[in-house]
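Single-structure report; data block below.
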Amino acid sequence: LSTTNGQNGSDGINSKMYNATLAGLGVSVGYNNVETNGTGEILISNSKITATENLNAKATDTSKSKTYILDAGLKVIGYTGVFAYNTNTAQTGIEVSNKSSLTANAINFDTKNQSYRATDTLAISASGLGVQTTTSEAKDTSKNFINVTGAGNTFAADNLTFNALNGSQT
């Protein structure tokens, strides 16, 4: 049993923005925001599963995203604002519930967050009187889980392994 959040064989989402301003009095604002979300879940509910050898369940988040902004401006009086955000809020996991019965030589549950987030900002501004703001934020608030909920669930195996790894890169 397996599920994957992400883009297989891909560089993922690449969002790029370029901005240029030439003005006596000017305001230049660049904003780039990417949010990846979704749910990749294996749900075993009110089920009986018997495997002749091993029972393996794997849920993985391999999503990738990048934001990039380049802003250049020449102003006598001006403001330059560059803002880049990149967030992953996906949920990836395995849940066993409602009197499920699992039997195998080995039962292996594995959830992994191997996602990647990046932001790049570059602002170049020349002005007689100017203010410049640059903000760049990449964060991963995703959740990996293995849940066994409710009463009456049974696991019969020589080896039972639950692994939950959050190895995201920002």
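- Met17 and Val29 end up in different hydrophobic clusters when Ile, Leu, Val, Met, Phe, Trp and Tyr side chains are linked at under 4.5 Å.
- Contact between Glu35 and Thr89 at its shortest, heavy atoms only, is OE2-OG1, 3.5 Å.
- Using modelled atom types, one finds no donor on one side chain facing an acceptor on the other under 3.5 Å when comparing Tyr79 with Ser127.
- Taking the six-membered ring where the residue is Trp, Phe162 and Phe155 present perpendicular rings, their angle passing 60° and hence far from 30°.
- In this structure, the separation between CD on Glu137 and CZ on Phe83 is 12.5 Å, given to the nearest 0.5 Å.
- In the hydrophobic clustering of this structure, Val27 does not group with Leu70; members are Ile, Leu, Val, Met, Phe, Trp, Tyr whose side-chain heavy atoms approach within less than 4.5 Å, directly or through other members.
- The shortest side-chain heavy-atom distance between Asn108 and Leu55 does not fall under the 4.5 Å cut-off.
- The side-chain heavy atoms of Thr103 and Ser101, taken from C-beta on, include a pair separated by under 4.5 Å.
- A 4.5 Å side-chain heavy-atom check between Leu165 and Asn113 finds every atom pair outside the cut-off.
- Connection of Ile146 to Ile49 is established within a shared hydrophobic cluster, with ILVMFWY side chains joined at heavy-atom distances below 4.5 Å, either directly or through further cluster members.
- Asn19 and Asp71 are linked by a side-chain donor-acceptor pair at a separation below 3.5 angstrom, with hydrogens and angles left out of the test.
- A donor atom on one side chain and an acceptor atom on the other are not found under 3.5 Å apart for Asn86 and Thr119.
- Inspection of the Asn33 and Thr67 side chains reveals no N or O donor paired with an N or O acceptor under 3.5 Å.
- Looking at Leu43 and Ser97, their side chains come closer than 4.5 Å, going by heavy atoms from C-beta outward.
- Between Leu102 and Ile44, some side-chain heavy-atom pair lies under the 4.5 Å cut-off.
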- Message: Quick one, Tyr68 with Lys66, criterion side-chain contact (heavy atoms from CB on, under 4.5 Å). Give me CA distance, side-chain angles, the key distance, then yes/no.
- Response: CA-CA 7 Å; Tyr68 177 79; Lys66 298 176 187 175; over 6 Å; no
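- Residues satisfying the salt bridge (charged side-chain N to carboxylate O under 4.0 Å, His left out) test with Lys112, not counting sequence neighbours, are Asp110.
- Looking at Thr87 and Val34, their side chains never come closer than 4.5 Å, going by heavy atoms from C-beta outward.
- The side-chain heavy atoms of Phe145 and Glu41, taken from C-beta on, include a pair separated by under 4.5 Å.
- Checking Asp61, Thr141, Asn37 one by one against Asn88, the side-chain hydrogen bond (donor to acceptor under 3.5 Å, both in side chains) holds for a single residue, Asp61.
- At distances below 3.5 Å, at least one donor-acceptor pair connects side-chain atoms of Ser100 with backbone N or O atoms of Ser47.
- Between Ile94 and Asn147 there is no side-chain heavy-atom pair separated by less than 4.5 Å.
- Taken together through direct or relayed side-chain contacts under 4.5 Å among Ile, Leu, Val, Met, Phe, Trp and Tyr, Val76 and Ile124 form parts of separate hydrophobic clusters.
- In the hydrophobic clustering of ILVMFWY residues, with side-chain heavy atoms under 4.5 Å counting as a link, Val96 and Leu160 come out together.
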